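To start, the structure itself, in structure tokens.
Since the model is a prediction, treat every value here as computed from it, not as a measurement. The figures here come from the full heavy-atom set of this structure, side chains too, leaving out hydrogens, waters and symmetry mates. Here is the naming used below: chain letters follow the sequence lines, and residue numbers restart at 1 for every chain.
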Amino acid sequence: MGTWPEFYKYMAKFDPLYIFEKEAKDQMRMVLNSLGAEEDLLLPGLKLHQHSDYAFVCFATAGPLGMKPQELAEKLVAGIGDNPLFEKIENVGPYVNFYIDRKELALRTMEMVTRTKDRYGSFDMEGQPPKVILEHTSANPTGPLHVGRARNPIIGDTMARILRKRGYDLDVQFYVDDMGKQLVILTWGHENITGLDVESDRADHKFVKYYQEANRLMEEDTSINEEINKLISIYEEDGDAEISKKVRKNCEDILDGMLAPMRRLDVHYDSFAWESKYVRDGSVKQVIDKLRASEFTGEDEGALFLDLSHEQLNKAGRENKLFLTRSDGTSLYTTRDIGYHLEKLANSNIAINVLGEDHKLKAWAVNACLQILEKGSVDISSCDSDPVEILFYAFVSLPEGKMSTRKGHVVYMDDLIEEAVSRALDEVEKKRPELPDEIKHGIAEIVGVGAIRYNIIRVQAEKQMTFKWEEAMNFEGNSAPFIQYSHARASSILRKTTPPENFDPGLLVHDSELDLIKTLAKFPSLIFKCADDRTPHIIASYAYELASLFNQFYRDCPVLSAEEDIMGSRLNLVKCSKMVLQNALNTLGIVAPEEM
RNA sequence: GGGCGCGUAGCCUAGCCAGGAUAUGGCGCUAGCCUUCUAAGCUAGAAGCCAGGGGUUCGAAUCCCCUCGCGUCCGCCA
């Protein structure tokens, strides 16, 4: 990123708060230096804080300087003196508090929002941006996506939007598992089972029934079991072009069906990686040969395994072998995944996967193998040395227990979306009966779908969730419709008058106005941090906070009835708020409606 | 049995990585606010041994150790 002043100029271009933070730090550094502090003592406590805009906590620094914390705080305040960027800099006991000059902040923030519009909160990388491959969803193409799986695409797609705003060159990939047994089983079912009630225009819904029935038949009839197993090995060896073609066709159809609810949720993929490719092109065989030659693997009746009892791999557990091939030498899922990831690493600077917590061991093994293949040794001491970065999420369960297609304990995404949109439509009918039907349906779709995305993304990925209809359908309080409603309110004001080009931000002096501006200012630095920390759920909190502050402003500060100068300033604040609400919602993949 | 993750008011949840000043919001509950830019909104109130116990520290929801509870994995399945 270059030298410090260059970085400063870079950040100041995108983040209106940056100059204030830098100035506070520079001032602190200057005074601390004059007091004889070492460089590493300077800034342990300088951060955003509830009691002021920036606060420096003096405890850690005072001791080594031979001062009492409060004494240091007083010296700092005296040494810094007045500063045009800050309204006031004062100490409260051992704390030094910086209060940003609100007029200065309003000016800079509103200027930046007005100028950059939908790019506010987006960063450009300097030079060639790093290439990131983000893999998400990658669900087995056997049937419709259910709610238990829904966390993956929503976390993935939101993360993708954040990384794009951060400026990365992003490729979002869906890894299609077309080598597994399930596809062959389901293809056999489709060819051989008749009389099944499968009316549906969606391949995923149709095929899941053949899949379930074929599984049942396999269990009760050994001859069918054998027949299908034979088919599986023919397919794996690509021994019959006709069979391969059929399986691929079914896979594509199911995949297309599965992605229908994703399209409705505005979840996007840039490319699809087909598992079979890595078997057919020989890369999996190369992986196997190379791993077989390494000191980290062993063989058990011809089956290759990763030896987890090896001192560098010491991963405890009852079973210390993680198998990489079958006895007949054919590959297993994990091994093919390594082939895929080798290609990924070759084509990217950063590879990120979104995975359920059940994949932890496998993901760990893939990373270990990638290290073995790359450098012949393994470092499992920290995730930082992992070639592939993983975002894990905990499962969504139903109140009655785990979601299971087999037991019928499932809520499909399609049903969830249908229900959400239908409930949203009820609300629109109640609240806006005068609107034409077409508009009502449009709003219901936006609101229902938004509510689902929001309720899934708002919770930290690694926390377990229990799916409850009442919560998923929440249209008030901490929910997408709450935020959308604020946006609609802002739009409604702006439909009535156009904000003047020239206005005085200094007229915005009400606490509600100032709090709102401060929150508008935080958006870019938040995107930056959420991108680097991989924490998409924080954007949900932010959007809610912003909407809430806009609603308070809406209550406290009449816009259209205000005196002309003030109206001009407020109209511009509404315009900026609308813009940032829209950008925040867009980051969450949620549509910002003009009315609702 | 072992690995990994989670545990914050009746319910859901932020903060935890980089320890500091009265622990963030929502749902629900109680009491209010629509002749005024959309009340899917706003205001006020009650409600917390931050799972439990030790430790480190001037200071711990946050760091370390132990215990308990929940989830998940430990297939020549994917």
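Applying the side-chain contact (heavy atoms from CB on, under 4.5 Å) rule to A/S397 yields the partners A/T466; only residues at least two apart in sequence or on another chain are considered. Residues that satisfy the side-chain contact (heavy atoms from CB on, under 4.5 Å) test with A/S385, not counting sequence neighbours, are A/Q371, A/D379, A/S382. Residues satisfying the side chain to side chain donor-acceptor pair (under 3.5 Å) test with A/K181, not counting sequence neighbours, are none. Every residue was checked against the side-chain contact (heavy atoms from CB on, under 4.5 Å) condition with A/E564, not counting sequence neighbours, and none meets it. Applying the side-chain contact (heavy atoms from CB on, under 4.5 Å) criterion to A/E389, with sequence neighbours excluded, gives A/I350, A/I352, A/R534.
Between A/K496 and B/rU36, a side-chain N or O to OP1/OP2 separation shorter than 4.0 Å is absent. The phosphate of B/rG25 has neither OP1 nor OP2 within less than 4.0 Å of any side-chain N or O from A/R458.
Within the nucleic acid shown, A/D328 has no heavy atom closer than 4.0 Å to any nucleic acid atom. Here A/R570 lies out of heavy-atom contact (under 4.0 Å) with every strand. Within 4.0 Å of A/V459, counting heavy atoms only, lie sugar-phosphate atoms of the nucleic acid but no base atom. Heavy atoms of A/S561 sit nowhere under 4.0 angstrom from any nucleic acid atom. A/E545 comes within contact range of no nucleotide atom at all, as no heavy-atom separation falls under 4.0 Å. Residue-level contact check: A/Q464 touches the bases, meaning some heavy atom is under 4.0 Å from a base atom. Note on A/F395: only backbone sugar-phosphate atoms sit closer than 4.0 angstrom, heavy atoms only; bases stay farther off. The residue A/A394 sits apart from the nucleic acid: no heavy atom pair falls under 4.0 Å.
Toward the 5′ end of RNA chain B lies the nearest nucleotide of A/L361, the other residue of the pair A/L361 and A/S327 mapping further downstream.
The distance from atom CG of A/N474 to atom C1' of B/rC12 is 10 Å, rounded to the nearest whole Å. When the C1' atom of B/rG25 is taken as reference, atom CD1 of A/I483 falls 12 Å away, rounded to whole Å. Atom P of nucleotide B/rC76 and atom NZ of A/K362 are separated by 11 Å, given to the nearest angstrom. As a whole-Å value, the separation of A/E434 CD from B/rU38 C1' is 9 Å. Atom CD of A/E462 is separated from atom P of B/rA14 by 12 Å (rounded to the nearest Å). Note: CG (A/D556) to P (B/rC37) measures 16 Å, nearest angstrom. For A/I457 and B/rU13, the CD1 to C1' distance is 14 Å, given to the nearest whole Å. Note: CG (A/N320) to P (B/rG3) measures 12 Å, nearest angstrom.
Taking the centre of each ring, A/F553 and A/F550 come in below the 6.0 Å mark.
Nucleotide B/rC70 carries an anti base; the chi torsion (O4'-C1'-N9-C4 or O4'-C1'-N1-C2) is more than 90° from 0.
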### Task
Just do the side-chain contact (heavy atoms from CB on, under 4.5 Å) check on A/D307 and A/T297 with the steps written out, would you?
CA-CA 5 Å; A/D307 182 8; A/T297 54; 6.0 Å; no

### Task
Starting from the C-alpha separation in whole Å, work towards a yes-or-no answer on side-chain contact (heavy atoms from CB on, under 4.5 Å) for A/I254 and A/T142.
CA-CA 7 Å; A/I254 295 168; A/T142 48; over 6 Å; no

### Query
Should A/L291 and A/F296 be marked as a side-chain contact (heavy atoms from CB on, under 4.5 Å) after you check the CA-CA gap, both sets of side-chain angles, and the distance that decides it?
CA-CA 8 Å; A/L291 285 172; A/F296 299 95; over 6 Å; no

### Chi angles and distances behind the side-chain contact (heavy atoms from CB on, under 4.5 Å) call for A/N225, A/N229
CA-CA 6 Å; A/N225 194 18; A/N229 278 330; 3.5 Å; yes

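Judged by the 6.0 Å distance and 45° axis criteria, A/R489 is positioned over the aromatic ring of A/Y554. For the pair A/K402 and A/F395, the cation does not sit on the ring face, since its NZ or CZ is not both under 6.0 Å from the ring centre and inside 45° of the axis.
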Return the polar atom pairs (N/O with N/O) between nucleotides 15-17 of chain B and the protein under 3.5 Å, or none.
{"unit_1": "B/rG15", "atom_1": "OP1", "unit_2": "A/H537", "atom_2": "NE2", "d": "3.3"}
{"unit_1": "B/rC17", "atom_1": "N4", "unit_2": "A/K529", "atom_2": "NZ", "d": "3.4"}

Shorter than 3.5 Å, N or O on both sides, protein versus nucleotides 39-42 of chain B: list them out with atom names.
{"unit_1": "B/rA39", "atom_1": "OP2", "unit_2": "A/R489", "atom_2": "NH2", "d": "2.6"}
{"unit_1": "B/rA40", "atom_1": "OP1", "unit_2": "A/Y485", "atom_2": "OH", "d": "3.4"}
{"unit_1": "B/rA40", "atom_1": "O4'", "unit_2": "A/K431", "atom_2": "NZ", "d": "3.2"}
{"unit_1": "B/rG41", "atom_1": "OP1", "unit_2": "A/G477", "atom_2": "N", "d": "3.1"}
{"unit_1": "B/rG41", "atom_1": "O3'", "unit_2": "A/N551", "atom_2": "ND2", "d": "3.1"}
{"unit_1": "B/rG41", "atom_1": "O2'", "unit_2": "A/R489", "atom_2": "NH1", "d": "2.9"}
{"unit_1": "B/rG41", "atom_1": "O2'", "unit_2": "A/R489", "atom_2": "NH2", "d": "3.4"}
{"unit_1": "B/rC42", "atom_1": "O3'", "unit_2": "A/R555", "atom_2": "NH1", "d": "2.7"}
{"unit_1": "B/rC42", "atom_1": "O2'", "unit_2": "A/R555", "atom_2": "NH1", "d": "2.9"}

Short heteroatom pairs, N/O only, protein and nucleotides 9-11 of chain B, under 3.5 Å:
none

Considering only nitrogen or oxygen atoms on both sides, find all protein atoms under 3.5 Å from nucleotides 31-35 of chain B and state each distance.
none

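Residues A/L435 and A/I439 share a closest heavy-atom pair of CD1-CG2, 4.2 Å.
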### Task
Whenever both distances are under 3.5 Å in a Watson-Crick or G-U wobble pair, mark it; put RNA chain B into dot-bracket that way, with [ ] for crossing pairs and | when the partner is on another strand.
(((((((..(((.......[....))).(((((.......))))).....(((((..]....))))))))))))....

### Query
What string of B, S and - do you get for nucleotides 55-62 of chain B, 5' to 3', if B is base contact, S is sugar-phosphate-only contact and - is no contact with any protein heavy atom under 4.0 Å?
---B----

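Counting only N and O atoms by type, the side chains of A/N478 and A/Y454 include a donor and acceptor under 3.5 Å apart.
The side chain to side chain donor-acceptor pair (under 3.5 Å) test with A/N353 singles out one residue from A/H136, A/H341, A/Q173, and that residue is A/H341.
Distance from the side chain of A/L332 is smallest for B/rC77 among the nucleotides B/rC6, B/rC37, B/rC77. For A/E357, taking side-chain heavy atoms from C-beta onward, the closest of the listed nucleotides B/rC37, B/rA21, B/rU72 is B/rU72.
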Throw together a table of side-chain donor-acceptor distances under 3.5 angstrom for residues 566-576 of chain A, partners on residues two or more places apart or in other chains.
{"unit_1": "A/S569", "atom_1": "OG", "unit_2": "A/D504", "atom_2": "O", "d": "2.7"}
{"unit_1": "A/S569", "atom_1": "OG", "unit_2": "A/D565", "atom_2": "O", "d": "3.4"}
{"unit_1": "A/R570", "atom_1": "NE", "unit_2": "A/E513", "atom_2": "OE2", "d": "2.7"}
{"unit_1": "A/R570", "atom_1": "NH1", "unit_2": "A/P558", "atom_2": "O", "d": "2.8"}
{"unit_1": "A/R570", "atom_1": "NH2", "unit_2": "A/E513", "atom_2": "OE2", "d": "3.4"}
{"unit_1": "A/N572", "atom_1": "ND2", "unit_2": "A/P500", "atom_2": "O", "d": "3.0"}
{"unit_1": "A/N572", "atom_1": "ND2", "unit_2": "A/G568", "atom_2": "O", "d": "2.9"}

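Using a 4.0 Å cut-off between charged nitrogen and carboxylate oxygen, A/E594 and A/K578 count as a salt-bridge pair.
When side chains are defined from C-beta on, A/I590 counts as touching A/Q484, because their heavy atoms get closer than 4.5 Å. Side-chain contact check for A/H146 versus A/F467: every heavy-atom pair is 4.5 Å or farther apart.
Ring geometry for A/Y95 versus A/F59: interplanar angle over 60°, hence perpendicular rather than tilted (30 to 60°).
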